[in-house]
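We name chains A, B, ... by the order of the sequence lines, and we start the count at 1 in each one.
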Amino acid sequence: MTAYITRRLFTTLLIAVGISILVFLIVRTLPGDPARIMLGIQADETRIETLREELGLDKPIFIQYGIWLNNVVHGDLGSSVITGQSVSGSILNRLPVTFSLALSALFVALLIAIPAGTITAVKRDSYLASIITVLSQIGVGIPNFWLGIIFILVFAQWTQLFPSFGYEPLSNGFFSWARHLALPALSVGLITGAIITRFVRSAMLEALNQDFIKVARAKGLRESVVVFRHTFKNAIIPIVTVVGLQLAYLLSGVVVIEVVFALPGLGRLAFNSVTRRDYPMLQGAVLTIAISFTLINLLVDVLYAYLDPRIKY
Amino acid sequence: MSHKTRLFSLLIVVLFVGFVFGLAAEEPKYGGELIAGISADPVGFDPHKTSAYSSFEVLENVYNTLVTVGDDLTPQPAIAKSWEVSEDGLTWTFHIREGIKFHNGRTLVAGDIEYSLERIMDPDTGSGAAWRLATVENISAPDDDTVVIALQNPYPGLLTKVGGYKGMAIVAKENVESGKINTHPVGTGPFEFVEHVPGDRVVLSKNEEYWEEELPYLDGINFRVIPDETVRKTSLLTGEVHWIDSVPSQEIEQLKKRDNVVLGESSGTAYWYAAFNLDHEPFGDRRVRKAIAMSINRSEIAAAAKWDAAVANDSPVPEASYWSTDYHPYLGEQNHDKAEELLTEAGYPNGFNAGVMVSTQYPGTVRAAQVMQAQVARIGVNLKIRTLEWGTWLEEQSAGNFDIYINGWIGNLDPDDYFYAQHYTGEVFNFTGYSNEELDELLDEGRMEPVKEKRYELYSEIQKTLIDDAPYVYIYIPKVVHAWRPIVKGYTTRPDEALKFKATWIAS
């Protein structure tokens, strides 16, 4: 197991380097440059050139990459070419926001998806199951930012139960943190929940059709034991897979939700860096996202072995 | 000229809805933190380097300039308490107010002004505001209380150039040299910079030693970044913020009806226009440009771009300005027959194809282009809209890769701001490639003419020439619209969009 994890961590490193090269090339082949954007519409060419030199943008691209990689290896992600803020500092400031949103949204999603998916599989022909199926269909179809706006209208403007925007760090108290996260977490969580519900349902259905379930029922076990101990345990592998994927997606920053609720998360950082051509900041943000993606995949794979003793690495 | 007499200055009527409560006489109250919702995260705080409006929303309250412009946009004393101009108009002497302190406790001296203005002019700084000092020969500080600016040519517009924009801020040398100015600016303004949580907030606190007596009233300002316009408006309605920097244009009318919101409107100092590339066929031909200028309906375009938040105009100068004229050949009925005649004369009886370049950065321009496309189709001109992301748009503009583009010029105070950089032969911002010797002479004269009435004549002639020659087709002048809670007092929405909170206070 340890050898496996070490090997996977090493591949993560390789993937990160690969991604960084890719991002470096893609970003720099985009038209537009940070010097021009920074100086604005009223800047003249000589000033733009001066700034380009100052930022090192006049050097050949592979030399720029070399400089960047060398700095990264020494633990320095550089600083924003636009605002001068340190890249690693900015990312560290935004990670708690992104983590808070991702984990609370996933919490909401699982709270819905596990029971809802299970009910639709076990009581396939009931009214409840039909209602849940319809709702989850709708949930998969509506965009989360729309839901966000509706929630703001209902829960912030009309009833004034929750704040309409902003993030409060956990260090300012759990209640204020949770209140600020409630609406964004619900907007993202309900929709993620709808997606996961469908996977839980199909995984449960497949497990319910296995011979060992028939045996369990033939043994006269109680239905709850059949469902939770035998079926769910066997359905969990595909569920963990899709939950892992969803978490990775949430951690990469739900940009639109971050914009709607004015949350200073990683997605908005990456998005703003693209529009400002803030190369170092974008490199750093994308690298962070890529690494968290691969780490979550690793976590999921390790979980497999823990959940299913038949899986060995 | 009789209509001019009532317009003494660039003063533009500022409209207060909800002012009926007659609270003007109320005594200002000290204390409290103003929570201001702003639409974008500031992009750096070095006033000499950034060009982002979001940065200046904050910096306006952190820095001072040598002189300033009042609510009526005329020059007023600031760091300089008084000034004189030599008879030849070439030497300006400014007397510095005593006892002004930077937020780090150091007393401001004349050398700080010399340092700041020279830093802006230094090409190594890369300041986007350097052109404002283009006529400056030399700046010196003979003693701690005096600054002398020597000019190459007489230039009466100097005061608004150094005072009308916070990009001309007087900075502390030690703040620049420590490398902290872009993340932690130190100024002499009514509020001190406390912290910036990127993407979330900027916090300012009261400058206890501010030089303007009794100001500021607030203990501090908390700028919250709220990018979505609907959410920004909602947060004002719920009272989570006290003040917001813009409201969705389509909701202005509706917001006016609410009694828990005060709307501040002012006609702006910006103008939006379509520019032709004179090096691209057929726009080198004046008749073609005129044909387009007379075939578009500016009110329709303005309504599409900004709903109620813009005024259609075929001149760049707002009607209320001292510098406006009566010459409006394109504002009446569209003259499609005459336009088609002009196109036929120019050799395009069946019209032609061309591209119009707009940016997603300004969604209003995208809508403007769509309406314009439909309007000019009537005279056989087939426009293809090219919608680019901002960085790309800027590249294409400076490379001259466009037939027509739509954009705006903001912050025009002196009449020179409207025309010189845009249309003088060979100027870096003359993206159209327009060149007219007679106009160049008028522009030079206008810059140097000290007598206001004579200047007015010159700029009337300049406007007439440009409207007739139509390198730009002027379309609309946007209004500045802010909104706040009724408890916010002492705030005025200014035409130059400067957010000055020094005299703002919060009623209990």
Side-chain angles (χ1 to χ4, degrees), chain A residues 30-54 79-80 82-86 89-90 93-94 97 145 148-149 152-153 156-158 160 162-167 169 256 258-265 268-269 272 274-278, chain B residues 37 40-46 49-52 55 123-132 179-183 196-201 224-228 230-235 237-241 360-361 388-398 407-410 421 428-429:
Chain A
L30 286 177
D33 79 77
R36 196 178 294 282
I37 292 169
M38 207 170 147
L39 291 174
I41 197 162
Q42 308 191 343
D44 66 45
E45 292 299 325
T46 50
R47 279 170 219 283
I48 290 170
E49 272 316 303
T50 314
L51 190 63
R52 284 181 60 84
E53 276 168 39
E54 198 183 307
S79 49
S80 158
I82 309 283
T83 61
Q85 290 152 352
S86 106
S90 302
N93 280 334
R94 283 161 186 263
V97 183
F145 66 87
I149 298 269
I152 288 173
L153 204 63
Q157 187 174 336
W158 294 347
Q160 309 218 349
F162 292 98
S164 59
F165 77 99
Y167 173 78
V256 191
E258 288 181 0
V259 169
V260 167
F261 287 97
L263 302 173
R268 232 171 98 207
L269 180 71
N272 285 340
V274 175
T275 54
R276 293 172 188 165
R277 304 289 190 274
D278 193 343
Chain B
D41 197 30
V43 186
F45 294 104
D46 184 338
K49 290 192 173 182
T50 183
S51 63
S55 298
D124 286 343
T125 308
S127 172
W131 64 277
R132 293 175 163 263
K180 288 197 173 147
I181 185 165
N182 209 20
T183 49
H196 174 213
V197 182
D200 188 43
R201 70 186 74 195
R224 300 297 307 267
V225 183
I226 312 175
D228 187 275
T230 311
V231 177
R232 199 161 55 242
K233 181 206 72 184
T234 304
S235 64
L237 294 179
T238 60
E240 289 165 87
V241 301
T360 47
Q361 177 88 358
L388 302 176
E389 180 269 345
W390 185 231
T392 317
W393 191 98
L394 285 171
E395 284 284 290
E396 292 289 272
Q397 184 203 34
S398 67
N407 213 273
W409 277 94
I410 57 167
V428 283
F429 306 120

Among B:Gly44, B:Ser235, B:Ser55, B:Pro198, residue most engaged with chain A (heavy-atom pairs, under 4.5 Å):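 That would be B:Pro198.
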When B:Ile226, B:Thr360, B:Thr183, B:Asp124 are compared by non-hydrogen pairs under 4.5 Å with chain A, the top option: B:Ile226
Does any heavy atom of chain A fall under 4.5 Å from the side chain of [X], the backbone, both, or neither of them?
X        : answer
B:Asp46  : neither
B:Arg201 : side chain
B:Val197 : neither

Test log, rule side chain to side chain contact (heavy atoms under 4.5 Å, CB included), inputs A:Arg276 and B:Val43: CA-CA 9 Å; A:Arg276 293 172 188 165; B:Val43 186; 3.6 Å; yes
Result of checking B:Val231, B:Thr234, B:Thr230 against A:Gln157 for side-chain contact (heavy atoms from CB on, under 4.5 Å): B:Thr234
B:His196/B:Phe45 under side chain to side chain contact (heavy atoms under 4.5 Å, CB included): CA gap, chis, key distance, verdict: CA-CA 10 Å; B:His196 174 213; B:Phe45 294 104; 3.5 Å; yes
Chain B contact via A:Leu153 - side chain, backbone, both or neither, heavy atoms under 4.5 Å: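 The answer is neither part of A:Leu153.
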Side chain to side chain contact (heavy atoms under 4.5 Å, CB included) between A:Arg268 and A:Val97, worked out: CA-CA 11 Å; A:Arg268 232 171 98 207; A:Val97 183; over 6 Å; no
B:Asp200 versus B:Arg224, closest heavy-atom pair with distance: OD1-NH2, 3.2 Å
